Amino acid sequence: MTFMSRSSRATATRLCVYLSLGAVTLSLIVSLSACNPDIAGLVVPEKQESEKLNAYVIAYNKLLQWHDFGHILADYRRSNPKINAKGNPPLDRYSASGNDVDAPLQAFERAMAISESLPELDEVAKSLNAALETVNPLLKEADTYEKTKEYLSDKGVKARAMDDRFVAALIAAGKATSTFGTALSQQTLKRDEAELASLTPGTVRFHKLRVSLQVRKLAAAVKGGLSDKEQVAAIAVSLQALGLANAELGTLKRDPKAKPAWDPVCEMYKSSVDSLMGATRTLVGLIE
């Protein structure tokens, strides 16, 4: 069994979560770095049949941008050791770091309202939506309790009264998020593999999509390596494949007619993937 320091475990966990987002996270990276997400083959709004899938991707990105329920729960437990201490000592501090999920909830509701049927996603989306509706008022209540410092007045009575519900809701939201993310990744993977087969090698769209698919394969390899040390070697194989694909992307020439912020080669895209590979190698060292 491999033992890590608390900081190392935290680093490994953060990277694992980051990688597990796969194409969805990469789509967000591209958007933030001013690349066109359509070019990446991750969101294809011109395809009517994928409208709902695109809406689910957008909703999931909104959720993951600010909410990692596992981290919220870990921070909550670490910051509030007195809540479950023997003798119920008065609280002199209270922390529940977690914003409300109003925006993601609205995005999921918009996605689910689209008439198109996606059986592989619709049911897990309903489960996730229900989990978010349960945890949302508790996040708001905890935030108000922290900001008003009511714990100084009631000595922590309210914190203890809501503790079980809050923890259970965070755990449920985390599980529902993971389940939906797995299902979403499978659907975007099918779509993008089919699209890659239809594209011409040497084009920007082909190479960006190829990198995206390799990122997802790396994510799967990292997840396997974290659960079974015997699978760590597979990470190196995925890293090599991603490195080759990313290097090919970097050799594409800039379109002289493209505006700098919308350069179809988009060096920022390649740079983000390079950084991801470096972080992965750091994680491999921690595992080993």
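All heavy atoms count here, side chains included; hydrogens, waters and symmetry mates do not. Note that the coordinates shown come from a computational prediction; the quantities given were computed from them, not determined experimentally.
- Counting heavy-atom neighbours within 6.0 Å of Gln240 CD, excluding the residue itself, gives a total of 12 or less.
- Connection of Ile114 to Tyr56 is not established within any shared hydrophobic cluster, with ILVMFWY side chains joined at heavy-atom distances below 4.5 Å, either directly or through further cluster members.
- Smallest separation of non-hydrogen atoms from Arg191 and Leu53: NH1-CD2, 3.6 Å.
- Aromatic ring orientation, Phe180 versus Phe108: perpendicular (interplanar angle above 60°, classes split at 30° and 60°).
- Rounded to the nearest 0.5 Å, atoms CZ (Arg160) and NZ (Lys155) are 11.5 Å apart.
- What you find for Glu116 and Leu118 is that their closest heavy atoms are OE2-CD2, 3.7 Å.
- Distance alone, capped at 3.5 Å, is enough to place a donor-acceptor pair between the Thr280 side chain and the Leu276 backbone.
- Side-chain atoms of Leu283 and Leu226, non-hydrogen and from C-beta on, do get closer than 4.5 Å to each other.
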Salt bridge (Lys or Arg N to Asp or Glu O under 4.0 Å) between Asp102 and Lys62, worked out: CA-CA 10 Å; Asp102 286 347; Lys62 285 182 180 292; over 6 Å; no
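- The pair Asp75-Arg78 meets the salt-bridge criterion, with a side-chain N (NZ, NE, NH1 or NH2) lying under 4.0 Å from an Asp/Glu carboxylate O.
- Between Phe166 and Tyr76, the ring planes are perpendicular. Angles over 60° get that label, and only those under 30° would be called parallel.
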Derivation of the side chain to side chain contact (heavy atoms under 4.5 Å, CB included) call for Val273 and Leu249: CA-CA 11 Å; Val273 176; Leu249 178 64; over 6 Å; no
Derivation of the side chain to side chain contact (heavy atoms under 4.5 Å, CB included) call for Thr179 and Leu128: CA-CA 8 Å; Thr179 299; Leu128 175 54; over 6 Å; no
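- Between Lys208 and Asp192 there is no salt bridge, since no side-chain nitrogen of the basic residue lies less than 4.0 Å from a carboxylate oxygen of the acidic one.
- Nearest heavy atom pair, residue Phe206 against residue Thr200, reads CB-O, 3.3 Å.
- To the nearest 0.5 angstrom, Gln186 atom CD is 6.5 Å from Thr182 atom OG1.
- Taking CZ of Arg210 as the start and CG of Leu242 as the end, the distance is 10.0 Å to the nearest 0.5 Å.
- Surrounding NZ of Lys175 are at most 12 heavy atoms belonging to other residues, nucleotides or ligands under 6.0 Å away.
- Counting only distance, with no hydrogens or angles, the side chain of Ser238 and the backbone of Ile235 share no donor-acceptor pair below 3.5 Å.
- Tracing side-chain contacts under 4.5 Å through hydrophobic residues (I, L, V, M, F, W, Y), one reaches Leu152 starting from Leu91; they form part of the same cluster.
- Looking at heavy atoms from C-beta onward, Ser185 lies out of side-chain contact with Tyr60 at the 4.5 angstrom threshold.
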Pair Asn99-Leu139, side chain to side chain contact (heavy atoms under 4.5 Å, CB included): steps then yes or no: CA-CA 7 Å; Asn99 300 314; Leu139 286 167; over 6 Å; no
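- For His207 (side chain) and Gly202 (main-chain N/O), a donor-acceptor pair under 3.5 Å exists by modelled atom type.
- Looking at Asn80 and Tyr94, their side chains come closer than 4.5 Å, going by heavy atoms from C-beta outward.
- Under 4.0 Å is where a charged nitrogen must lie from a carboxylate oxygen, and between Asp274 and Lys270 at least one such pair does.
- Closest approach of Glu146 to Tyr151, counting heavy atoms only: O-CE2, 4.0 Å.
- Here NZ of Lys52 is found 8.5 Å from CG of Leu121. Values are rounded to the nearest 0.5 Å.
- Annotation for Ser79 and Ser95: closest pair CB-CB, 3.7 Å, computed over non-hydrogen atoms.
- In this structure, Ala183 and Val124 approach most closely via the heavy-atom pair CB-CG2, 4.0 Å.
- Put simply, CD on Glu248 and OG1 on Thr251 are 6.5 Å apart, with the number rounded to the nearest 0.5 Å.
- In this structure, the separation between CG on Leu105 and CG on Asp100 is 9.0 Å, given to the nearest 0.5 Å.
- In this structure, Lys82 and Asp92 have side chains that are in contact, with non-hydrogen atoms separated by less than 4.5 Å.
- When side chains are defined from C-beta on, Leu73 does not count as touching Phe69, because their heavy atoms never get closer than 4.5 Å.
- Within the 3.5 Å criterion, the main-chain N or O of Lys149 finds no donor-acceptor partner in the side chain of Ser153.
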Chi angles and distances behind the side chain to side chain contact (heavy atoms under 4.5 Å, CB included) call for Arg77, Asn84: CA-CA 9 Å; Arg77 280 297 187 222; Asn84 294 305; 3.0 Å; yes
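- Put simply, the side chain of Thr177 does not reach to within 4.5 Å of the side chain of His67, judged on heavy atoms.
- Ser178 places no side-chain N or O within donor-acceptor distance of the main-chain N or O of Gly174, the cut-off being under 3.5 Å.
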